[in-house]
There are 2 protein chains.
Amino acid sequence: MGVDQPIVKDMPNYGGSLDRVFQALADGTRRAMVERLIRGPVSVSELARPLEMSLPAVMQHVQVLEACGLVRSEKIGRVRTCRIEPDVLRTAEDWLAEQRTSWERRLDRLGDYLLDDPGTPEQGSL
Amino acid sequence: MGVDQPIVKDMPNYGGSLDRVFQALADGTRRAMVERLIRGPVSVSELARPLEMSLPAVMQHVQVLEACGLVRSEKIGRVRTCRIEPDVLRTAEDWLAEQRTSWERRLDRLGDYLLDDPGTPEQGSL
DNA sequence: TCATTGGTTAAGGAAGCACTTGACTATGGG
DNA sequence: CCCATAGTCAAGTGCTTCCTTAACCAATGA
């Protein structure tokens with residue numbers, strides 16, 4: 001069970017969906033699928049071709065990717081074609097970027113502080 | 001078990017470490033810890049304070065974060081202080097950014113193609 | 001010295017995940 | 001019609017994850 005995200009003003013909510021996106025991306029097979037789908041839509045068996053695993057296994061990965069919104073698929077005739085849904089990828093990237101910029105802002109503040117008043121080290125800052 | 005990443009020239013390798021980073025970030029508790037640590041180094045029990053779980057559980061999360069290089073910690077006296085290691089965060093962000101830019105480049109190419117020669121829809125492009 | 005604070009270790013359990021096999025359905029070409 | 005192709009469903013297995021409790025150790029402050 002995750003944690004109750006503290007709802008902070010003016011911050012994106014990311015309501016629980018980050019769990020599933022990062023979880024989906026935590027598997028090399030699924031990342032390989034994403035990398036393939038980025039180059040264009042493709043059928044399930046085409047997705048499966050380079051992977052050394054059974055078709056049901058591939059299907060299950062596709063389902064994970066669909067469940068978190070990273071991929072959308074549609075069946076026409078007997079072939080299911082998968083395409084990527086870049087928005088969710090973006091959501092994950094945004095969270096990461098937000099952490100990085102927070103970090104950088106903090107470093108800046110720290111630098112300013114030390115320049116203004118050297119000799120008084122920040123609490124546990126380094 | 002993941003997949004053998006095809007080593008592509010001039011592409012970052014990310015050798016297997018992405019598995020562990022994304023896995024680490026797939027948990028709300030651990031993301032909350034990262035968000036806290038971004039604001040500055042902190043002890044384990046400080047990390048634990050807002051979380052409704054036992055200290056050993058918190059320790060285990062810290063260990064996961066350390067194992068993938070997201071966090072580094074050092075024990076002084078009886079208190080272990082954790083600090084964030086932003087490089088690995090960056091690695092994950094880079095992978096995401098790479099996918100996004102690939103996607104955008106593809107869209108551009110597609111746009112150009114359709115402008116040059118409308119009436120010949122790309123294979124499965126929409 | 002002795003209780004408290006801060007952390008660590010070990011063991012175990014419930015749930016989830018990645019994968020398999022086997023059986024089955026439906027589409028489409030010859 | 002027949003067979004191959006493309007996918008789907010169900011069940012099961014072994015491994016991992018998240019969390020718990022209980023016992024324990026080591027610094028610290030009164």
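Everything numeric in this text was worked out from a predicted model, so none of it was measured. A, B, ... follow the sequence lines: proteins, then strands. Residue 1 opens every chain.
- Between A:Leu18 and A:Ala92, the shortest heavy-atom distance links the atoms CD2-CA, 4.0 Å.
- The distance between atom CZ of B:Arg20 and atom P of D:dT16, rounded to the nearest whole Å, is 14 Å.
- Ring geometry for A:Trp95 against A:Phe22 counts as perpendicular: the plane angle is over 60°, on a 0 to 90° scale with 30° as the lower cut.
- A:Asp19 and B:Gly28 make their closest contact through OD1-N, 3.7 Å (heavy atoms, listed as atom of the first residue, atom of the second, distance).
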Let me check something: any side-chain donor-acceptor pairs from residues 36-43 of chain B under 3.5 Å, sequence neighbours excluded? List them with distances.
unit_1  : atom_1 : unit_2  : atom_2 : d
B:Ser43 : OG     : B:Glu46 : N      : 3.1

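- Nucleotide D:dC19 holds its C1' atom 13 Å from the CG atom of B:Leu51, rounded to whole Å.
- The side chain of B:Arg80 approaches C:dG7 more closely than any other nucleotide in the set D:dC19, D:dA6, C:dG7.
- Taken to the nearest 0.5 Å, the CG atom of B:Leu25 stands 5.5 Å off from the CG atom of B:Leu70.
- Map A:Lys75 and B:Arg30 each onto its nearest nucleotide of DNA chain D; the residue landing nearer the 5' end is A:Lys75.
- If you check D:dC18, C:dT8, D:dG7 against the side chain of B:Gln23, the one that comes closest is D:dC18.
- Residues from residues 56-71 of chain B lying near DNA chain D, meaning a heavy-atom separation below 4.0 Å, are B:Pro56, B:Ala57, B:Gln60, B:His61 in numerical order.
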Name the pairs: protein N/O against N/O of nucleotides 24-29 of chain C, kept only if under 3.5 Å.
unit_1 : atom_1 : unit_2  : atom_2 : d
C:dT27 : O2     : A:Arg78 : NH1    : 2.5

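- Of all heavy-atom pairs between A:Glu66 and A:Ser73, the closest is OE2-OG, 3.1 Å.
- Remark: side-chain polar atoms of B:Arg30 are paired, donor with acceptor, to backbone N or O of B:Ala24 under 3.5 angstrom.
- A distance-only check finds no donor-acceptor pair linking the side chain of A:Arg72 to the backbone of A:Arg83 [under 3.5 Å].
- When the side-chain nitrogen and oxygen atoms of B:Ser54 are compared with OP1 and OP2 of D:dT20, one or more of them lie within a distance under 4.0 Å.
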